[in-house]
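Please see the structure below; I have some questions.
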Amino acid sequence: MNWKYSPLQELAQSDINSRSNTFTINSGLKYTVTNALNVETRLQLQNAYTDGNNYRNTGMFFTRNLVNMYSRVDGAVVNNPVPKEGILDRSYSRTRTAAARVQVNYGKKFNAYHELSFLAAGEIREARTNTESYRVYGYNDKNSTSTPVDYTSYYPTYNNISGTLLIPYQDEFRQSVLRFVSVLSNAAYTYRSRYTLSLSARRDASNIFGVSTNQKGTPLWSAGSLWKISEEPFYSFKQLPRLSLRGSYGYAGSFSPDVPAKTVLQYYPPNFTIINVPVAAVSSGSNPSLRWQKVGTLNVGADFGTLNDRLTGSIEWYNKNTVDLLSSRSVDPTTGFSTMVTNSADLTGSGIDIELNAKILTRKIKWNTAVLFSYVTNRVTKLKRKTPDVASSYVGNGFTIEPRIGIKPFSILAYRWGGLNDQGKPQGYYNDTLTTDYRLLMRTPSAQLINKGQAIPPYFGALRNEMGFRNWALTLNIIYRFGYWFNKQPISYTALYQRLETHPDYAKRWQKPGDEKFTNIPAMLYPVDNGMDAFYRYAEINILRADNIKLDWFTLSHTLNSPAGKKLFTNARLFLNANNLNIMLWKANKENIDPDYQRTLITRPSYTIGGSLTFK
Amino acid sequence: MKKSIDLTIKTAALCLFILLFTGCKKFLDEKQDNKFTIPQTLADLQMLLDNYTAMNTGYSYQPEVAADNFYLTTTDFNAISDNTQKNFHTWQKEDQRLADWAQLYKMVLNANTVLEYADELIVSAADVEIAGKLKAAALFYRANAFYTLAQVYAYPYDEHTDSPYGIPLRLSADINIISVRATVSETYRRIISDLKQAANGLDTTRPYPNRPARTAAYAALARCYLSMSDYVNAGLYADSALQLNNNLIDFNTLSTTTPNPFVRFNKEVIFPAISSTANCLAPARAKVDTILYGLFHTNDLRKVLFFRLNPNGSVAFKGDYNAANNGNVFLGYTTGELYLIKAEALARQNMLQPAMNMLNTLLVTRWRNNSFIPFTATGQQEALTIILNERRKELCFRGQRWTDLRRLNKDAATQVTLTRAFGNTGFTLLPGSSAYTFQVPAGVIEQSGIQQNP
């Protein structure tokens with residue numbers, strides 16, 4: 001068969017579809033023991049099914065490639081161990097979720113002075129997912145037939161391009177069970193409706209893998225207090241009828257779900273190796289000295305409201321101390337692992353959250369605006385494991401915390417840029433000397449690297465506008481993120497030569513001596529030096545500001561009141577909701593790159609149209 | 001009616017609370033994903049060792065890339081974008097390739113995991129024997145990985161002087177243990193003792209071709225002793241292995257026209273091991289050394305089974321015992337190698353006739369029917385020259401040449417100087433050069449603080 005790849009034809013021939021269904025049953029019962037005490041139980045059962053089909057007919061490269069690869073020419077006869085028909089991949093998955101909750105509520109006002117409330121609850125949850133997938137060869141979608149193949153014999157590949165191979169066997173079964181148990185309780189005491197003290201504690205446990213049972217539960221407690229200043233007899237500030245202060249301290253210990261303390265094996269199906277027996281690999285190693293990550297949070301805030309709640313809002317400051325941060329670090333490869341999650345550092349951080357809601361217009365045209373603003377900052381206070389002090393350990397996208405004292409977590413460190421030389425090669429600095437020795441540059445001590453800033457935004461928030469006119473309402477949500485950076489994916493000649501990966505910067509590259517005055521795009525040199533690509537990728541000129549403002553979602557709705565006289569329903573509502581819009585309103589970088597979706601497919605917006613009816 | 005509902009709710013609530021506070025442990029012991037497990041049965045451990053990709057492939061390509069079985073044209077040399085391969089090929093100090101070190105120590109980790117869990121997981125009397133065999137196999141894999149590491153990163157063995165540049169001997173799966181380099185003699189002593197223990201515990205037969213039988217442990221001992229120039233022991237273990245398996249393929253039965261004349265896991269293969277992949281080793285680029293190709297007689301079938309002629313007259317290798325030929329080499333143990341070790345060991349001990357008999361038994365299967373005239377030798381030097389010449393031919397593109405060069409360069413009579421030239425640049429590798437020991441990957445030095453090779 002033809003062995004050509006034609007992208008447009010692929011698109012036209014492709015037949016991929018998936019369907020999912022979800023059924024949910026909710027039930028709840030409330031039992032009132034006395035006026036002050038009641039018991040509630042809730043039960044939820046959910047069944048979700050998804051099935052998927054990927055049919056690739058003989059028009060598609062995937063099918064033709066596999067058929068050709070295994071074909072064997074004996075004189076005039078062509079043998080096809082993989083039949084010359086389509087290939088169908090099917091998958092089916094079912095998730096059953098069951099959750100139950102029991103809650104005891106107690107609340108009593110003893111007299112004008114004392115008020116006590118108490119809540120205790122237990123929750124248990126299980127989500128069980130079964131997935132099956134399989135492939136049939138020789139599938140013909142017109143008459144729904146398939147042909148069996150021999151999975152156990154080795155076939156020489158055409159012209160020996162891949163040695164001898166088994167026909168890919170794709171049948172797989174998988175079951176996963178997630179189980180959670182939580183117990184929690186809250187107690188609050190209020191004196192004279194002004195002073196409140198509260199205590200809460202909870203313990204969450206799950207069947208997280210490889211962790212022994214006594215470490216599965218993660219404790220969490222907090223204590224708080226609230227003072228409603230505006231209820232005090234001395235309070236007389238009429239412009240601000242609502243004002244209260246609050247403070248709390250909370251503590252939580254946690255194990256990340258993917259950090260087992262014991263050796264964990266992962267099973268692989270027989271087709272994983274050419275021996276055709278099921279095999280296993282060590283997926284994470286034994287680390288008996290692993291400790292909980294502990295987080296203590298101190299929180300102080302104020303809530304306020306002006307007359308008629310024209311302007312309401314809150315302001316909150318917090319300080320968060322993390323001890324024994326769990327993070328993935330590079331380790332000595334002699335251990336058998338290149339990275340491992342370990343307790344690597346202590347961090348301290350603080351932040352401010354401000355929320356303001358304003359009712360700007362309240363008459364015929366309604367207009368409410370909400371402004372949310374957050375600022376967060378953090379630093380490493382103690383290092384528990386050292387990272388080698390060479391550039392190659394630190395440069396990168398800032399996606400990983402490589403904690404270092406004095407540098408904010410998730411910082412992007414980059415090579416200092418020395419421009420192109422007269423051969424179009426990028427230059428860096430080692431001990432303040434210009435060089436094109438890329439191996440040397442990879443050993444640059446971190447102090448000589450340029451710290452551009454964090455890859456996560458320290459300033460972020462949203463602006464939400466709700467507008468109403470008659471029966472119409474429109475809500476727009478605009479999000480903003482400032483003060484952070486991203487690593488532009490620049491041209492890589494290694495990728496160009498090896499995978500024909502193209503890049504728009506190609507046209508702007510250095511081509512003749514003198515070009516270095518106008519361009520920073522390195523020359524296309526042969527032989528290719530992958531060290532040059534690696535240096536250029538993480539040079540400071542490719543670290544750009546990521547700040548942006550985006551329109552994230554909007555909802556437009558229309559409400560219908562029941563026609564006068566006919567009480568069919570109390571009201572009906574129609575709405576259009578658009579999510580993940582990702583409409584860029586402003587961005588800091590000049591190269592027109594969306595820092596969230598660099599050379600990857602943008603998540604498509606989702607639109608929901610719906611309606612609801614309410615009956616009396 | 002109301003009362004009964006009350007009762008139901010109370011009972012349900014009570015049950016749930018009891019479940020929450022007492023039944024928690026059992027409820028949470030259910031596995032999260034049935035593709036993952038902590039080692040629970042001996043079968044789990046066997047699956048770890050059966051992981052062919054992890055345990056039988058990815059042995060370092062460096063010795064083959066640096067040896068003298070092939071050459072590259074200047075154009076092909078320049079076309080390689082991976083500088084590390086170029087540096088290995090021209091014997092430069094190169095410390096940027098981590099993959100082989102990581103893969104070989106992953107084998108060590110898997111073996112150590114089996115060694116640590118095997119006894120714990122014994123639940124019946126029958127398990128005792130199974131666990132014993134698993135541990136013997138694990139010791140074999142670990143010793144085999146250590147041996148490979150020693151050929152790449154440790155100084156050559158010398159019975160008279162020890163060197164601090166051995167390899168880290170990791171004997172536990174605990175990641176908190178700091179890596180330290182053993183001396184060269186400690187390294188070889190550990191390999192030998194692990195292999196001897198493995199030989200005691202392994203079965204003489206194997207159900208799957210990826211697994212080691214006792215033959216494999218003997219073959220590994222023979223190869224290891226040979227690299228140490230301990231010819232008495234090398235000969236003894238080659239003999240022990242051949243007593244269990246002395247199969248030879250009659251090359252007259254193979255097709256000379258197919259792209260891959262040899263079948264994977266053929267009857268000469270005692271234990272399969274494949275190197276990592278280097279694109280300079282692919283037959284399209286690696287041209288067979290002309291002197292090597294010239295050594296083969298017209299009636300020697302290996303001339304047509306191992307090699308094919310390129311249109312421009314250069315020669316490509318096609319005799320891969322893994323039947324793949326895609327940029328990696330087979331460096332497992334075969335019966336052919338054992339015949340050669342035995343023959344050399346006998347000749348070194350001046351038993352010339354038995355040595356020649358051993359060699360001729362192998363070669364008669366390599367030559368065209370009725371064309372082979374058995375070799376004879378009148379003196380020890382002549383015998384050794386013939387045997388080493390045949391060793392060079394039979395074991396080309398098998399990752400063994402590098403170790404042979406390290407060993408043979410100690411003797412003035414068998415020393416060779418390697419040279420290469422690309423454009424106007426020439427490269428030379430002198431006997432006994434420190435470049436016969438590769439640099440430890442920089443990533444390992446940085447993370448563990450162990451000493452770099454000079």
Which bit of N112(B) is near chain A, if near means a heavy-atom gap under 4.5 Å: side chain, backbone, both or neither? neither

Which atom pair, heavy atoms only, marks the closest approach of A281(A) to N51(B)? CB-ND2, 3.6 Å

Does any non-hydrogen side-chain atom of L109(B) lie less than 4.5 Å from one of V282(A)? yes

Max heavy-atom pairs within cutoff under 4.5 Å with chain B, candidates M442(A), E126(A), R443(A), goes to R443(A)

How far does CD1 of I275(A) sit from OH of Y208(B), to the nearest 0.5 angstrom? 9.5 Å

Would you say that more than 12 heavy atoms from the other residues, nucleotides or ligands in this model lie under 6.0 Å from the CG of L37(A), or not? yes

Do T53(B) and Y268(A) have side chains that approach each other closer than 4.5 Å (heavy atoms only, starting at C-beta)? no

Ranked by heavy-atom pairs below 4.5 Å to chain A, first place among A173(B), A79(B), A54(B) goes to A79(B)

What distance separates L265(A) CG from D44(B) CG, expressed to the nearest 0.5 Å? 6.0 Å

What's the spacing between D50(B) CG and N276(A) CG if we round to 0.5 Å? 11.5 Å

Using a 4.5 Å cut-off on heavy atoms from C-beta on, say whether the side chain of D332(A) contacts that of Y105(B). no

Please classify the contact between S448(B) and chain A as side chain, backbone, both or neither, with a heavy-atom cut-off of under 4.5 Å. both

So which part of P168(B) gets closer than 4.5 Å to some heavy atom of chain A, the side chain, the backbone, both or neither? side chain

Proximal component of F180(A), with respect to chain B [non-hydrogen, under 4.5 Å]: backbone

Counting only non-hydrogen atoms closer than 4.5 Å, does L98(B) touch chain A with its backbone (N, CA, C, O), its side chain (CB onward), both, or neither? side chain

Quick one: pull up NZ in K106(B) and OG1 in T334(A) and give me the separation to the nearest 0.5 Å. 13.0 Å

Heavy-atom pairs under 4.5 Å with chain A - which of A102(B), S179(B), P209(B), A442(B) has more of them than the others? S179(B)

Contacting region of T84(B) [heavy-atom separation from chain A under 4.5 Å]: both

What part of F265(B) gets closer than 4.5 Å to chain A, counting heavy atoms only: side chain, backbone, both or neither? side chain

Shortest non-hydrogen separation from R439(A) to N83(B) and the atoms involved: NH2-CB, 3.6 Å

Among the listed options T129(A), V277(A), D533(A), the residue most often paired with chain B at heavy-atom distances under 4.5 Å: V277(A)

Least distance between heavy atoms, Q447(B) atom then S330(A) atom: NE2-OG, 3.1 Å

Contacting moiety of V108(B), where chain A heavy atoms sit under 4.5 Å: neither

